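Some notes on the structure that comes next.
In this text, all values refer to a predicted model and were calculated from it rather than measured experimentally.
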Amino acid sequence: MDVTQAAMVLVDHAASCGIIEQGDRRWALNMVLAALHADGCTDEPLSPASDANLDSALDSLTTALRALPGNEMIVDRDDAACLLLGPVMPRPSQVSQRFAQLAVDDPCAATDWLYALSCDTRYVRRAARARNICWTSPTRWGELEITINLSKPEKDPRKIAADASARARGSYPACQLCRENEGYAGRGDADPHGPHPARQNLRIADIELGGERWGLQYSPYAYYDEHCILMSDEHRPMRVDAACLARLLDAVDLLPHYFVGSNADLPIVGGSILSHDHFQGGRHTFPMDRAPIDERFELAGFDDVEAGWLRWPVSVVRLSCKDRRELLGAACAVMDAWRAHDDAGAGIVSHTGDVPHNTVTPIARRRDGRHELDLALRCNVTSAERPLGIFHPRPELHHIKRENIGLIEVMGLAILPPRLKRGLDAIRDCLLTGTDLASAPEVLPHLDWAVEVAAAHRDMDPDAVEQILRDEVAQAFAHVLEDAGVFKWTDEGRVARDRFTDVLVAR
């Protein structure tokens, strides 16, 4: 397919998806041809009969763009679509207006429309997500969801902390969540401020949370169904406080079919971007959503609020109430009590001097006509033996998971690094061929674990090796979550949990 034909296919795709109006096709074609430094023709545009036809067109367009100077960032079909479709998409103001019009009558229709636009323009990189390896496995905590993420590199927890404390030194946009990303052309590795992805096809819908202007967009590397990001218009650090919890409740009132949650606001226990206030949400039921209540208690001063501890590896208080205002008050009471809570016997230290260690990972949803808030209790205290955190995965689990345990993982969906695929493939090959595990370089980071797995499954069926390894990874992830829990599921841990419950009941 020549470049002009490929451009026609792309424009016809845009018209058929409603990205442009039929009457805008010739204008859009000229915009695309200009970006390609190509001439037009008088032939009628082709109709993209299939996704394969569109993919073939994007392959041709990717090759043509890479041949032009200044396009070294174009490496795949999604990059080509980003550059070529961005200029012909609806303007940001038009997107916000359309979203608001739909949301008045049907919030679900509004998100359906914005999500379809993000997918049709290849901003949501479904092909990249399809490369991820995903499965579920049973554990003592129910079915956990496991993803080996092949789309993005692993982040070191210390790098995340450094990014959170560093101020942008003249870079634009200041981070990947800033509103200034909308339409941004990106920059490469050679730029003095470092690489930043292109976002020409990003469109953000205006929403209001807590009386402030926020934006709603979809994650390009979605980890679950309709993975969305809600971010403050202001570039400010993450902060989990009463205003944050109120904005979460605003979000699920606006989008009652979505859950919306926030990462914790401290290093080690927070997410990968602590420098910009934002939430994540979507239309997905996580393993934690299905977790039962282990023990109920009455929260002092909030008679209409149902409160209880989840039976879940991370220590989570679930609060539910029809009255949103009372629920918010109860959640603030739990959060404030936790921020000040010390328990030397459980290793919990609320402060070192003026430096706080206790915070929460809050998740909001609407369920059965009630507002619901889950507060996962987090503590980022460290020690000489555990410099990455006492409630961080222990060192022997770092071969599986070393990154921060953020919002998504707290809820039971593991985001594991690409290096794990290479390790698991090597372990599988050794087990199938009888090769010494220690002889394979890719196995060495996992050697102790691999030896334990082999010993536990000495007579494994060759056809079952893949599933056995996956189930063992899920068991390791369950231990990762248990490590993140501030109250362990032991007799001592239950006693420590009871001590904190007594604080809540007596307030």
Side-chain angles (χ1 to χ4, degrees), residues 155-165 175 177 223 229-232 236-249 251 259-281 286 288 310 312-319 328 331-342 346-352 354-365 373-382 386 388-393 401-415 480-487 500:
K155 285 191 175 183
D156 187 291
R158 288 167 292 198
K159 176 65 165 58
I160 293 171
D163 288 345
S165 61
C175 78
L177 294 180
Y223 293 137
I229 300 170
L230 302 84
M231 67 284 185
S232 168
R236 66 190 185 206
M238 295 278 295
R239 184 180 176 124
V240 178
D241 55 13
C244 167
L245 298 183
R247 286 191 290 267
L248 285 174
L249 294 174
F259 87 92
V260 182
S262 172
N263 272 304
D265 53 352
L266 296 178
I268 295 176
V269 296
S272 60
I273 299 180
L274 297 179
S275 59
H276 195 116
D277 200 3
H278 72 286
F279 303 146
Q280 295 182 76
F286 288 86
M288 194 182 81
L310 285 192
W312 188 246
V314 181
S315 307
V316 179
V317 174
R318 175 165 290 170
L319 304 173
L328 179 59
C332 289
V334 173
M335 182 172 63
D336 291 345
W338 173 245
R339 288 191 186 278
H341 189 67
D342 290 283
I348 297 166
V349 179
S350 66
H351 291 81
T352 300
D354 294 331
V355 178
H357 296 302
N358 290 356
T359 188
V360 300
T361 299
I363 301 106
R365 63 181 72 83
L373 276 171
D374 286 346
L375 302 178
L377 308 185
R378 316 300 302 277
C379 179
N380 78 345
V381 68
T382 62
R386 301 284 291 275
L388 294 183
I390 291 174
F391 299 103
H392 188 72
K401 180 65 178 180
R402 189 170 186 267
E403 280 188 293
N404 293 4
I405 306 305
L407 167 71
I408 296 170
E409 280 146 334
V410 161
M411 293 188 288
L413 194 167
I415 310 297
V480 163
L481 294 181
E482 290 163 4
D483 284 354
V486 294
F487 300 125
F500 183 61

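A distance of 10.0 Å separates CG of L413 from OH of Y223, quoted to the nearest 0.5 Å. Put simply, OG on S232 and CG on L177 are 10.5 Å apart, with the number rounded to the nearest 0.5 Å. Distance CG/L377 to CG/N358: 8.5 Å, rounded to 0.5 Å.
Taking a cutoff of 4.0 Å between a charged side-chain nitrogen and a carboxylate oxygen, D277 and R247 qualify as a salt bridge.
For the side-chain contact (heavy atoms from CB on, under 4.5 Å) test, residues two or more places apart in sequence or in another chain that qualify with A251 are L209, L230, V260. S262 pairs by the side chain to side chain donor-acceptor pair (under 3.5 Å) definition with nothing, not counting sequence neighbours. With sequence neighbours left out, the ring-ring contact (aromatic ring centres under 6.0 Å, His included) criterion links F391 to no other residue. Partners of R365 by salt bridge (Lys or Arg N to Asp or Glu O under 4.0 Å), not counting sequence neighbours, listed by chain and number: D289, E372, D374. With sequence neighbours excluded, the residues satisfying side chain to side chain donor-acceptor pair (under 3.5 Å) with H276 are H235. The side-chain contact (heavy atoms from CB on, under 4.5 Å) test applied to A414 returns I146, L416, F477, not counting sequence neighbours.
Every pair passing salt bridge (Lys or Arg N to Asp or Glu O under 4.0 Å) that includes a residue from residues 237-246 is listed here, sequence neighbours excluded: R239-D241. Applying the salt bridge (Lys or Arg N to Asp or Glu O under 4.0 Å) test to every pair with at least one member in residues 332-341, sequence neighbours left out, gives these pairs: D265-R339.
W338 places a side-chain N or O within donor-acceptor distance of the main-chain N or O of R378, the cut-off being under 3.5 Å. Between the S315 side chain and the V486 main chain, a donor and an acceptor come within less than 3.5 Å of each other.
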